[in-house]
Undergrad: 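I'd like to ask you about the structure that follows.
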There are 2 protein chains.
Amino acid sequence: MSRKQGQTAEQTREDILRAAARLLAGGAAKLTLEGTAKAAQVSKGGLIYHFPSKDSLLVALAEQTVAAFREDLEAAQDPLDGEARSFTRCFIRAALSPSVSGQKTRDSMFLMSFLLRHPEAAAVIRSGEAELTEQLASDGVDPDTLALIIAATDGVHIAPMWGGKEKTAAELERITEQLLALTRV
Amino acid sequence: MSRKQGQTAEQTREDILRAAARLLAGGAAKLTLEGTAKAAQVSKGGLIYHFPSKDSLLVALAEQTVAAFREDLEAAQDPLDGEARSFTRCFIRAALSPSVSGQKTRDSMFLMSFLLRHPEAAAVIRSGEAELTEQLASDGVDPDTLALIIAATDGVHIAPMWGGKEKTAAELERITEQLLALTRV
DNA sequence: GTCTATAAGATGATAGAC
DNA sequence: GTCTATCATCTTATAGAC
């Protein structure tokens, strides 16, 4: 009894991941298999066919999140910026670009903070983060300045969780400029 | 059958809140009444006497968290700093002082991100945060600079959740100096 | 490849003893 | 003021039909 007959297994898998991400983005306290299945318009059994355990679902979600930021990073590369410390500037633009930050920030922070409470998913996120931190550390920016840059980009994303308003594109632009300037001293 | 005979009700209440905070600080995915009671060395029934519902426990935890930061803020006031924008500097020192940040940051971030998923507790935290934001906004610092300061202090606290190492006292000092300098231009 | 049914365990909350 | 016992509900996961 195939409900999603027109779809490949891969498409159904993505439907499920998208549904789970959407539920968590809203700040839900918990994610249940049944609730996720309903939101993805799949039966609970159907979901479990694709993700044999809850952990496997959360790990897939974490992998998707890490991969998405990697793509944002590559999209933010500026072929004209051949100077020193260009990777750091690329990171700043990727982290603060309105297309990444606008609207999606609060959502992805809720998602991340949820995943970080589940050891297996947390390991995926932390290893992605460690790789990024290492790349940044070896880009030549003064360590204290780099610490400030990383803290500021993280902080921009998290503010909306406290209830702060999302930054406008103009505000993001001005923060981006302040941080970019720090890499050019 | 009073197990905690030597204690006042208030002391038992605090034992329970402390135990709950400790459990959540470790990044636990959920907080159960039974687990909390066990950690506080009280029976489940005993806990429920003090906190009639789980929500009431979480709200008390949120109130305690907000009040604690208020106290840190007052302790960070510098009677010698009578110049303009001194409240912003007070905030920077309070948020980044090693006694507040060291070791406690990751823990309190896990606690906060948990409470923010529970509407009633989240409301307490967000209203405390709104009050603080308003005080900062009216302290005279340029809005874009203030945005950077707030983002950076938030970011310093959250980094350890991603797996980043806690900042050393010296590193905190240098970030503090960079931010304080921004209020004096 | 997706579904139903159900087992097995955990959880929040109540009632009432001491 | 704190405890035990119990209930109703929810949740993950399995087994097996279609």
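Here is the naming used below: chain letters follow the sequence lines, and residue numbers restart at 1 for every chain. What you see below is based on every heavy atom in this structure, not just the backbone, and it leaves out hydrogens, waters and symmetry mates.
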Undergrad: Assuming nearest nucleotide by heavy-atom distance, tell me which of A/L31 and A/G45 is located more 5' along DNA chain D.
TA: A/L31

Undergrad: Looking at every strand, decide which applies to A/K44 at a 4.0 Å heavy-atom threshold: base, sugar-phosphate, or nothing.
TA: base

Undergrad: Consider the side chain of A/T32, meaning its heavy atoms from C-beta on, and name the nucleotide among C/dT2, D/dT12, D/dT4 that approaches it most closely.
TA: D/dT12

Undergrad: Could you check how far CG of B/L33 sits from C1' of C/dG12, rounded to whole Å?
TA: 6 Å

Undergrad: Which of residues 47-54 of chain B sit near DNA chain C, with a heavy atom under 4.0 Å from it?
TA: B/I48, B/S53, B/K54

Undergrad: Look up atom NZ in A/K54 and atom CG in A/L47, then write down how far apart they are to the nearest 0.5 Å.
TA: 11.0 Å

Undergrad: How long is the line joining NE2 of B/H118 and P of C/dT11, in whole Å?
TA: 14 Å

Undergrad: Between A/L17 and A/A60, which heavy-atom pair has the shortest distance, and what is it?
TA: CD2-CB, 3.8 Å

Undergrad: Rounded to whole Å, please give me the gap between NZ in A/K38 and P in D/dT11.
TA: 10 Å

Undergrad: Could you tell me the separation between the CD atom of B/Q7 and the P atom of D/dC3, rounded to a whole number of Å?
TA: 11 Å

Undergrad: Between A/E34 (CD) and C/dA7 (C1'), how many Å, whole number?
TA: 15 Å

Undergrad: Is a side-chain N or O of B/T183 found less than 3.5 angstrom from the main chain of B/L179, in a donor-acceptor match?
TA: no

Undergrad: Output every pair passing salt bridge (Lys or Arg N to Asp or Glu O under 4.0 Å) with a member in residues 76-91 of chain B, not counting sequence neighbours, ordered by first then second residue.
TA: B/D81-B/R89

Undergrad: Give B/L57 one of three labels, base, sugar-phosphate or nothing, depending on what nucleic acid heavy atoms sit under 4.0 Å from its own.
TA: nothing

Undergrad: Can you check the A/D55 CG to D/dT11 P distance for me, whole Å?
TA: 17 Å

Undergrad: Can you tell me if B/D144 uses its side chain to pair, donor with acceptor, with the backbone of A/R174 under 3.5 Å?
TA: no

Undergrad: Nearest-Å distance, CZ (A/R13) to P (C/dT2)?
TA: 12 Å

Undergrad: Could you pull out all residues at least two apart from B/Q178 that satisfy side-chain hydrogen bond (donor to acceptor under 3.5 Å, both in side chains)?
TA: none

Undergrad: Find out whether B/L182 and B/I92 are in side-chain contact, i.e. whether some heavy atom of one side chain is under 4.5 Å from a heavy atom of the other.
TA: no

Undergrad: Whole Å only: how far is the NZ atom of B/K30 from the C1' atom of D/dC10?
TA: 11 Å

